[in-house]
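Values below: all heavy atoms of this structure, side chains included; hydrogens, waters and symmetry mates excluded. From a predicted model like this one, the values you see are computed outputs, not experimental measurements. Both counts, for ligands and for their atoms, begin at 1 and track the order of listing.
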Amino acid sequence: MQHIFDMIIIGGGPAGYSAALYASRAGMDCVVLEKMSPGGQMALTDVIDNYPGFEAGVDGFDLGMKMQTQAERFGAKTEYAEVTDVDFTEKIKKVRTTAGEYLSKTVVIATGANARELGLENEKEFVGRGVHYCAHCDGRFYKDKIVAVVGGGNSAVQDALYLSRLAKKVYLIHRRDTFRATKIYLSQLEKTKNVEILFNSTVAEILTDERVSGVKIKDVNTEKTENIVCDGVFVSIGRKPVTEFLKGSVKLDNGGYVLADETTKTDVAGVFAAGDVRTKALRQVVTAVADGATAVHFAEEF
Ligand code: NAP
């Protein structure tokens with residue numbers, strides 16, 4: 001007989017380990033299926049300043065490890081495996097992974113969202129050789145160098161501010177003439193002398209020799225192009241939910257996020273979506289951990 005868990009949690013980020021903590025404390029037999037290492041996107045952030053309880057900020061990787069350890073203290077397990085397929089059509093849900101099949105009465109989808117790519121021809125080829133998606137992970141390679149950041153949301157502006165403290169010069173390239181980012185970051189940006197903002201501009205080409213040597217930017221109004229010399233490009237244009245493995249088993253919105261409200265319930269009874277992967281207004285660590293607890297509350301009710 002194959003083991004049947006009370007709860008399978010797909011993804012070991014803050015939403016996943018919060019669900020694991022609440023489930024294991026409630027005496028549920030649960031397992032977290034994690035592809036790589038705990039923490040999810042949070043683990044790629046060096047300092048998290050807006051998670052309560054850490055007055056001096058906290059390293060995202062460390063916080064991920066702490067969340068795993070805390071959940072495991074109450075009996076939650078972690079299996080390192082990538083989920084390839086699911087079957088939610090029967091009462092006992094099946095989750096297929098690179099390490100075999102798992103069965104469970106309930107499932108929490110907590111796979112988060114990954115960085116979006118620009119989709120330029122040589123972008124993939126130069127990842128790690130000048131093309132980056134995480135300023136906090138890779139910014140340190142650009143001390144006293146020139147970098148470009150692409151995007152106009154909170155992440156892009158935050159990345160530009162972070163990089164301005166390391167690099168000699170930062171270009172912030174945004175396709176419109178206004179930022180989406182919040183005031184607190186924009187007022188800091190105004191005071192930062194080594195960030196040059198290029199509005200109404202898109203990256204038409206990543207220029208390279210052995211590695212990135214610059215970007216060709218295009219003015220969206222005039223279509224004029226200009227080459228900018230830089231040592232690295234940080235793409236910060238939002239995120240893509242990790243939901244491909246669900247293959248139609250739960251309803252998604254147009255952006256690929258799992259349709260679920262504040263109850264975290266999906267359209268399939270016993271299947272919940274927690275954290276960045278679900279439709280929600282604010283994708284933050286605090287909202288992700290809240291989702292994990294909520295999912296367990298409704299899973300117990302189920
Ligand atoms: P976002 O808010 O969706 O912003 C994405 C930005 O990239 C937008 O400015 C968008 O331009 C631009 N963009 C999208 N596709 C593009 C393309 N193909 N080429 C060029 N530019 C493109 O994403 P985010 O900044 O990653 O933030 C995600 C969520 O996390 C948001 O809810 C954000 O508020 C939150 N967040 C919060 C904090 C914080 O409060 N500490 C920090 C980071 C993120 P348009 O503006 O023209 O659409």
Side-chain angles (χ1 to χ4, degrees), residues 13-15 39-52 54 57-60 63 111-124 131-139 147-164 170-189 195 197-206 215-221 223 225 228 230 233-242 253-258 274-291:
Q41 289 291 309
M42 178 180 79
L44 306 177
T45 308
D46 68 342
V47 181
I48 295 177
D49 271 333
N50 52 2
Y51 188 69
F54 296 91
V58 58
D59 179 287
L63 186 57
T111 40
N114 288 332
R116 253 178 218 290
E117 294 166 6
L118 286 167
L120 294 168
E121 206 186 332
N122 56 357
E123 184 177 352
K124 276 203 173 85
V131 175
H132 305 273
Y133 300 90
C134 176
H136 287 92
C137 317
D138 303 329
V147 294
V149 175
V150 188
N154 275 327
S155 301
V157 174
Q158 256 190 330
D159 286 353
L161 289 169
Y162 175 74
L163 291 165
S164 73
V170 179
Y171 291 101
L172 178 54
I173 304 166
H174 181 35
R175 63 184 179 184
R176 290 188 299 125
D177 62 357
T178 48
F179 286 117
R180 202 178 272 277
T182 45
K183 260 194 188 150
I184 184 155
Y185 299 127
L186 294 179
S187 56
Q188 283 177 47
L189 191 65
V195 178
I197 300 164
L198 303 169
F199 280 127
N200 297 314
S201 303
T202 56
V203 176
E205 198 182 324
I206 296 169
V215 287
K216 177 179 279 184
I217 57 161
K218 186 163 91 178
D219 186 307
V220 295
N221 298 318
E223 305 240 312
T225 60
I228 283 175
C230 64
V233 189
F234 288 82
V235 180
S236 192
I237 59 168
R239 291 180 292 166
K240 191 167 67 182
V242 181
D253 76 355
N254 290 338
Y257 289 93
V258 179
D276 287 5
V277 77
R278 84 166 172 91
T279 47
K280 61 184 346 193
L282 185 63
R283 295 192 168 87
Q284 297 282 292
V285 180
V286 276
T287 62
V289 294
D291 276 5

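- Distance alone, capped at 3.5 Å, is enough to place a donor-acceptor pair between the R116 side chain and the R239 backbone.
- Short contacts between ligand 1 and G238, defined as distances under 4.0 Å to a heavy atom of the residue, involve ligand atoms 5 (C), 23 (O), 26 (O).
- Nearest protein neighbour of atom 27 (O) of ligand 1, counting heavy atoms only, is S155 OG, 3.6 Å.
- Side-chain contact annotation: K218 with S201, donor-acceptor N/O pair under 3.5 Å absent.
- In summary, the atoms of ligand 1 found under 4.0 Å from a heavy atom of N50, numbered by their order in the structure, are 41 (N).
- Regarding atom 47 (O) of ligand 1, its nearest protein heavy-atom neighbour is R176 NE, 2.7 Å.
- Heavy-atom neighbours of I184 CD1 from other residues, nucleotides or ligands within 6.0 Å: at or below the threshold of 12.
- Of all the listed residues (V220, N154, I237, D276), I237 holds the heavy atom that lies closest to atom 13 (N) of ligand 1.
- Looking at heavy atoms from C-beta onward, V233 lies out of side-chain contact with V147 at the 4.5 angstrom threshold.
- Taking every non-hydrogen atom of Q158 and a distance limit under 4.0 Å, the qualifying atoms of ligand 1 come out as 41 (N), 42 (C), 43 (C).
- If you look at R116 next to ligand 1, there are no close heavy atoms at all, none under 4.0 Å.
- Neither the backbone nor the side chain of T202 has any atom closer than 4.0 Å to an atom of ligand 1 (non-hydrogen atoms only).
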Item to check | Y51 and V289: CA distance, side-chain angles, deciding distance, side-chain contact (heavy atoms from CB on, under 4.5 Å) verdict | outcome: CA-CA 10 Å; Y51 188 69; V289 294; 3.9 Å; yes
Item to check | side-chain contact (heavy atoms from CB on, under 4.5 Å) evaluation trace for N200 with H174 | outcome: CA-CA 6 Å; N200 297 314; H174 181 35; over 6 Å; no
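- By the 3.5 Å distance cut-off applied to N or O atoms, V150 is not counted among the residues near ligand 1.
- When each atom of ligand 1 is checked for a heavy atom of Y185 under 4.0 Å away, the hits are 39 (C), 40 (O), 41 (N).
- Side-chain atoms of Q41 and N114 form a donor-acceptor pair, as typed in the model, at a separation below 3.5 Å.
- The heavy atom nearest to atom 2 (O) of ligand 1, out of those in R180, K280, H174, is found in R180.
- Residue, atom and distance of the protein heavy atom nearest to atom 15 (N) of ligand 1 are R175 NH1, 3.6 Å.
- Residue F234 is tested with L163, V131, V150 for a side chain to side chain contact (heavy atoms under 4.5 Å, CB included); the sole match is L163.
- With distances taken over non-hydrogen atoms, the option nearest atom 28 (C) of ligand 1 out of Q284, R239, E117 is R239.
- Here's the thing with G152: one of its N/O atoms is less than 3.5 angstrom from an N/O atom of ligand 1.
- In this pair, F179 and F199 present their aromatic rings tilted. The plane angle is within the 30 to 60° band.
- Under a cutoff of 6.0 Å and an axis angle of 45°, R283 and Y257 form a cation-pi pair.
- Distance remark: protein heavy atom not present below 4.0 angstrom from atom 31 (C) of ligand 1.
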